[in-house]
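Hydrogens, waters and symmetry mates are skipped; everything else that's a heavy atom, side chains included, is used. In this text the structure is predicted, and so the values were computed from the model without any measurement. Start at 1 and go down the list; that is how both ligands and their atoms are numbered.
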Amino acid sequence: MDMGIAGRTALVCAASKGLGRGCAEALAAEGVNLVITARTAETLEATAASIRSKYGVNVQAVACDITTPEGHAAALAACPQPDILVNNAGGPPPGDFRNFTHDMWIKALEANMLTPIELIKRTIDGMIDRGFGRIVNITSSSVKAPIDVLGLSNGARSGLTGFVAGVARKVASTGVTINNLLPGTFDTDRIAVTFEAQAKAQNVSIDEVRARRAEALPAGRFGNPDEFGRTCAFLCSVHAGYIIGQNILIDGGAYPGTY
Ligand code: NAD
């Protein structure tokens, strides 16, 4: 299927690895030119070079911490008028809510709620003027089914979700859509770190932890960033203009509810 977005420009945040990279690659495969961000210049530049040579699109790499005002400014200086915005950043640390300090809450809010809201605020009017825009926020299945040790994530991402629910409908008649993608368990570096910690705590091998976790999922496996990215590319396509303000779970069936 032709997604109808070749030649468009996308700003994809936190995209040197994992789910952000999956989205960047899938958009590039549709002929979308990219500005990608991540903190480490070397890794980010290597990703940009790989995407350029694989898909032949323009890819500009902007090394910055996307959760800071300087990061917002750098990303938007390189890409002031994106047609597509994919919001993403690292997730907050796990822990007991009694140990979450005010500073930790502010960091989680900056990363997983206020940065996406700021980038939406600063790009959406251009999209409305041009009559086309696609905004996809990478959130988490924890928005739908909270994970107790991820209180910072549950809270901050729910704030973004509530904001998006209102704005998405407000702009729906202008050709601009805003939706959230909710990953369950995907095979990325972030998950590998969690498995390492669990293996250590339970005194078993990492392979054993991985096998047990995969078995517990209805799909019997983890998701991969490529299939996540393709769902993102579809949401950014011309065919998805009637999908407004949705929270789309991609979790291998892990969420147990009927609705
Ligand atoms: P990852 O560690 O594989 O990749 C994260 C990417 O974000 C990297 O490119 C990293 O350089 C970049 N990054 C992190 N913090 C940044 C910052 N402040 N500024 C710029 N770039 C930054 O992680 P992932 O698994 O792809 O996760 C992406 C998001 O999805 C995270 O918020 C994570 O919490 C969430 N999530 C992931 C899963 C999963 O199973 N992988 C599940 C639920 C939610």
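- Distances from atom 20 (C) of ligand 1 to the heavy atoms of G184, C64, A156, S153 show the closest one on C64.
- The nearest protein atom to atom 4 (O) of ligand 1, hydrogens excluded, is given as K17 O, 3.9 Å; this is a heavy-atom distance.
- Within the 4.0 Å heavy-atom criterion, the part of I138 lying near ligand 1 is the side chain and not the backbone.
- Residue contacts with ligand 1, taken as heavy atom pairs separated by less than 4.0 Å, involve P183 via backbone and side-chain atoms alike.
- Selection from R157, K107, R39, E110 by nearest heavy atom to atom 34 (O) of ligand 1 gives R157.
- At a heavy-atom distance under 4.0 Å, no atom of L44 approaches ligand 1.
- For P92 against L152, the heavy-atom pair with the smallest separation is CB-CB, 3.7 Å.
- Distance check for atom 17 (C) of ligand 1: a protein heavy atom is found below 4.0 Å.
- Closest approach of V204 and R212 over heavy atoms only: CG1-NH2, 3.7 Å.
- Here ring-ring contact (aromatic ring centres under 6.0 Å, His included) pairs that include residues 133-167, with residues two or more places apart or in two chains, number zero.
- Using a 4.0 Å cut-off between heavy atoms, I191 contacts ligand 1 through its side chain alone, with no backbone atom that close.
- For the pair T37 and ligand 1, the shortest N or O to N or O distance does not fall below 3.5 Å.
- Of the polar atoms of G91, at least one N or O is found under 3.5 Å from an N or O of ligand 1, judged by distance alone.
- One option in C13, A14, G18, P225 has a heavy atom closer to atom 12 (C) of ligand 1 than any other, and that option is A14.
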